[in-house]
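Here is the naming used below: chain letters follow the sequence lines, and residue numbers restart at 1 for every chain.
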There are 2 protein chains.
Amino acid sequence: MTGMKKKAAIIGGGVIGGGWAARFLLNGWDVAIVDPDPQAERKIGEVLANARRALPALYDRALPPEGRLSWHDDMADAVADADWVQESVPETLTLKHKVLGRLSAMAPAHAVIGSSTSGFKPSELNAEGARAIVAHPFNPVYLLPLIELVGEAETCTRASKLLRDVGCHPLTLRKEIEAHIADRLLEAVWRESLWLVKDGIATTEEIDEAIRMGFGIRWAQMGLFETYRIAGGEAGMKHFMSQFGPALSWPWTKLMDVPEFNDELVDLIASQSDAQSGHMSIRELERLRDDNIVGMLRALRRTKTGAGGVITAHEATLPAPVPGDLPGDLPVTGDRQVPTSWADYNGHMNDAEYLRAASDATDRFMEMIGADTDYIASGCSYFTVETHTRYLAEVHAGDRLRTTTQVIDGTGKRMHLFHRLVRGDGTLAATVEVMLLHMDLTTRATCNPEGIVAERLSRLAAAHADLPAEGSGRHVGQRSKPAVEPA
Amino acid sequence: MTGMKKKAAIIGGGVIGGGWAARFLLNGWDVAIVDPDPQAERKIGEVLANARRALPALYDRALPPEGRLSWHDDMADAVADADWVQESVPETLTLKHKVLGRLSAMAPAHAVIGSSTSGFKPSELNAEGARAIVAHPFNPVYLLPLIELVGEAETCTRASKLLRDVGCHPLTLRKEIEAHIADRLLEAVWRESLWLVKDGIATTEEIDEAIRMGFGIRWAQMGLFETYRIAGGEAGMKHFMSQFGPALSWPWTKLMDVPEFNDELVDLIASQSDAQSGHMSIRELERLRDDNIVGMLRALRRTKTGAGGVITAHEATLPAPVPGDLPGDLPVTGDRQVPTSWADYNGHMNDAEYLRAASDATDRFMEMIGADTDYIASGCSYFTVETHTRYLAEVHAGDRLRTTTQVIDGTGKRMHLFHRLVRGDGTLAATVEVMLLHMDLTTRATCNPEGIVAERLSRLAAAHADLPAEGSGRHVGQRSKPAVEPA
């Protein structure tokens with residue numbers, strides 16, 4: 001998110017176009033939409049509502065302010081000054097030729113023209129003179145980082161950089177091929193699954209269970225080959241290949257043949273799908289899917305695996321929190337949106353998550369005074385010995401939550417902090433008082449900090465000494481003047 | 001885990017047999033292993049070490065005590081009194097016939113005889129008189145719940161019940177077919193992927209990225225059909241089918257043909273896999289995979305989706321914590337193993353997770369006094385207004401952590417609790433003092449509890465009134481006689 005404000009033009013809405021719009025908009029880009037569907041504004045509005053709920057919840061830092069969203073009847077209008085033009089019209093080659101041809105003529109020369117096509121090759125898309133590349137996303141576009149890029153090398157390089165800026169993971173193909181990579185694998189599974197349903201081996205629901213109770217869980221974090229490398233055990237990949245290679249000549253798939261696509265097959269699949277998922281609306285399924293994906297991606301953040309690593313790398317490029325309109329001249333040690341997973345059965349942020357936010361703020365404060373990753377690697381750290389939290393106001397999923405940190409005492413081995421958690425509307429939601437001690441990580445015994453850490457801490461302690469710290473020094477249940485409101 | 005202690009016999013070790021052994025053993029079954037491999041004890045020991053680290057971390061309640069593990073040269077010895085006999089010998093039909101024939105003769109009549117075969121049908125396995133069913137697991141067997149069952153109906157029903165008791169998700173096929181369900185889908189992806197590598201479209205690493213950055217994340221929580229139902233949007237599954245059905249006749253897969261399995265292909269795959277993953281040992285990859293899976297499954301617990309629902313359903317059958325050797329005559333409100341994801345950069349349980357454990361204990365205590373899910377649904381609950389935590393000892397991933405709860409005050413709308421977090425070795429790791437207020441969930445205002453909740457709370461308050469509560473009533477930084485050790 002460096003440099004000048006960027007603009008994307010989205011040609012064709014629907015679920016995919018709307019997902020692209022959300023991805024750019026929530027990363028601070030202006031977005032201009034062209035979509036002839038009279039329902040476009042409502043449909044894309046619903047995708048945006050889902051995205052606003054889910055995408056920021058992946059991050060422990062606030063995304064930049066949203067860009068400006070505009071609607072256009074005129075394509076030329078929409079693509080003016082655009083840095084990225086994304087075509088997501090229906091999968092018909094003649095239509096793609098027409099739209100991409102016009103976009104190529106009208107868009108600025110520096111703009112990437114991407115097509116969301118699932119199957120067409122760039123040579124097919126550009127057969128009538130367009131200059132598009134394939135930029136193939138995966139639904140939900142605002143959450144899944146993968147974008148397959150195929151086409152002219154320099155444009156793909158430029159596209160990669162822009163996509164990384166909005167938190168995506170561009171994957172550039174070495175050669176063009178029908179359906180790129182992922183959709184070839186999906187098509188294989190789709191065809192085999194249609195056979196299994198048609199032949200009465202399993203229902204749609206049973207096939208879904210066979211996926212998500214087993215290999216689906218593996219594939220969210222490692223792919224096919226790394227998983228099989230592990231399966232090969234100590235003997236490795238060659239051993240795995242020699243064990244399972246012969247199966248290639250066995251009748252383990254019906255893919256030498258294609259099931260006939262007729263009304264009977266469509267009715268069979270559709271009725272089984274209704275029985276499986278018909279008790280939930282598409283909107284409910286989307287939200288369940290998004291909550292699950294956010295939760296899993298937050299789990300993958302911890303080990304920086306796959307999409308988890310994409311998020312932490314993107315987060316590092318987001319602007320650090322700034323004091324802004326927060327009370328006092330205190331360091332801002334947190335600025336985030338509250339993820340759905342932090343809410344509990346009472347419909348608000350769970351009590352333990354207040355301490356999670358405060359613990360993150362302590363980490364950030366430690367970095368500020370130089371007690372950072374390198375410092376910890378060198379053998380010293382701070383350990384928490386006591387905390388006291390006052391819950392002053394309810395906080396809900398989706399709320400913005402900012403944290404300031406005041407030093408109460410920084411003498412010797414002690415670091416006594418007072419965090420304030422402030423809601424988006426300026427309400428003080430909680431105070432968290434924390435006592436930490438400086439530790440030698442080898443002996444697990446306390447010791448005094450030295451050098452820059454001691455200096456910075458005592459400088460901040462002196463600067464904060466005269467500021468009020470109302471609510472510190474309390475014990476649980478103590479009567480106080482400004483009565484504690486429950487949160 | 002009801003009824004008499006159960007026994008499993010594991011015939012053939014390796015990664016799969018070891019995974020089966022771990023699944024049974026950690027769920028309290030006795031396990032007898034027969035494996036001619038001189039390295040078997042070491043290899044299975046390593047699988048068990050991984051399982052002990054990962055499986056209990058899925059649950060917020062302790063698993064039953066481990067069963068007894070024994071090693072046998074003699075098959076008859078191993079299968080005596082077994083309730084389940086699992087064959088995981090190499091994938092050769094003549095070997096399967098020999099082993100399954102002997103097992104069928106020697107095993108008790110009531111025992112399920114399961115084969116881990118990836119591809120053979122029960123009619124093939126039992127062609128020479130054995131009475132086996134297919135019970136096909138997925139690696140890592142101790143974490144992934146799916147077991148595909150194929151074979152005689154009554155045996156499959158009996159097998160399903162036993163598998164659910166050890167936290168698995170049995171999926172019974174409607175008809176037998178080569179490679180069952182999941183391996184057919186995997187074989188299709190495997191064949192297509194081999195083509196992509198062979199044709200130079202992508203490397204093994206790029207294919208893995210194409211999976212785990214996109215559809216792999218979807219498939220961990222919903223499968224193929226439910227995902228496509230959402231993709232169809234409001235128009236539903238028929239719309240999706242009509243949109244993507246025609247692709248069945250397009251050249252989106254090379255599966256009409258099979259790549260030739262030769263040394264060249266094996267070398268190509270193996271060398272790309274080395275470049276991709278060779279910087280990590282198999283052991284390191286396994287632990288990374290397990291940490292990721294545990295984290296994702298814990299995320300899926302929240303919505304009870306897929307494997308997350310299997311875990312919560314299984315957890316509900318686990319015995320509730322009992323006082324045992326904990327100090328005082330206090331209700332035990334928690335008993336769990338600390339998951340790896342609760343540890344932080346200091347190599348111990350993160351400070352916020354102490355409050356997580358205490359918050360879970362508060363929930364459990366609320367259930368005990370009748371402020372349970374129904375009560376909350378009826379419109380009342382308790383909200384936390386203040387907490388104070390003393391960190392007295394370090395806790396590490398894998399440690400057992402039990403919690404007791406003492407009532408300090410239960411008059412009027414106040415519920416003042418004092419949780420003690422006790423480590424497996426009996427050390428008091430933390431005290432967490434909590435003040436909650438009883439709330440009307442509609443008005444979000446405080447009110448007094450009534451009926452059973454008020455009664456039970458005051459009865460416990462009276463019973464706990466004379467017990468010491470050392471460390472309560474403190475404010476942060478207060479000097480105290482038993483000096484606070486950092487944690």
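- Residues Arg474(B) and Glu386(A) are in side-chain contact: their nearest non-hydrogen atoms beyond the backbone lie under 4.5 Å apart.
- Neither the backbone nor the side chain of Arg298(A) comes within less than 4.5 Å of any heavy atom in chain B.
- Heavy atoms only, all atoms of each residue included: Leu171(B) and Glu206(A) are closest at CD2-O, 3.4 Å.
- Between atom CG of residue Asp351(A) and atom CG of residue Leu436(B) there is a gap of 7.5 Å, rounded to the nearest 0.5 Å.
- Within the 4.5 Å cutoff, the side chain of His475(A) has no heavy atoms near those of the His388(B) side chain.
- Only the side chain of Leu441(A) comes within contact range of chain B, with at least one heavy atom under 4.5 Å from a heavy atom of that chain.
- Note that the CE atom of Met296(A) and the CD atom of Gln221(B) stand 5.0 Å from one another [nearest 0.5 Å].
- When all heavy atoms of Ala231(B) and Asn139(A) are compared, the closest pair comes out as CA-ND2, 4.1 Å.
- Judged by distance alone, with hydrogens and angles left aside, the side-chain atoms of Arg229(B) form a donor-acceptor pair with the main-chain N or O of Ser273(A) at under 3.5 Å.
- In this view, Glu205(B) satisfies the side chain to side chain donor-acceptor pair (under 3.5 Å) rule with no residue, not counting sequence neighbours.
- Contact of Arg356(A) with chain B is made through backbone and side chain together, with heavy-atom distances under 4.5 Å.
- Interface remark: Tyr228(B) contributes side-chain atoms only to the contact with chain A (heavy atom separation under 4.5 Å).
- The CD1 atom of Ile217(A) lies 9.0 Å from the CG atom of Leu143(B); values are rounded to the nearest 0.5 Å.
- Remark: Phe225(A) engages Trp190(B) in a ring pair (Phe, Tyr, Trp, His ring centres under 6.0 Å) (not counting sequence neighbours).
- Between His348(A) and Phe383(B) the shortest side-chain heavy-atom distance falls below 4.5 Å.
- Atom OG1 of residue Thr227(B) and atom CZ of residue Arg212(A) lie 9.5 Å apart, to the nearest 0.5 angstrom.
- For a residue to count as touching a neighbouring chain, one of its non-hydrogen atoms must lie under 4.5 Å from one of that chain's; by this rule Asp274(B) touches chain A with backbone and side chain alike.
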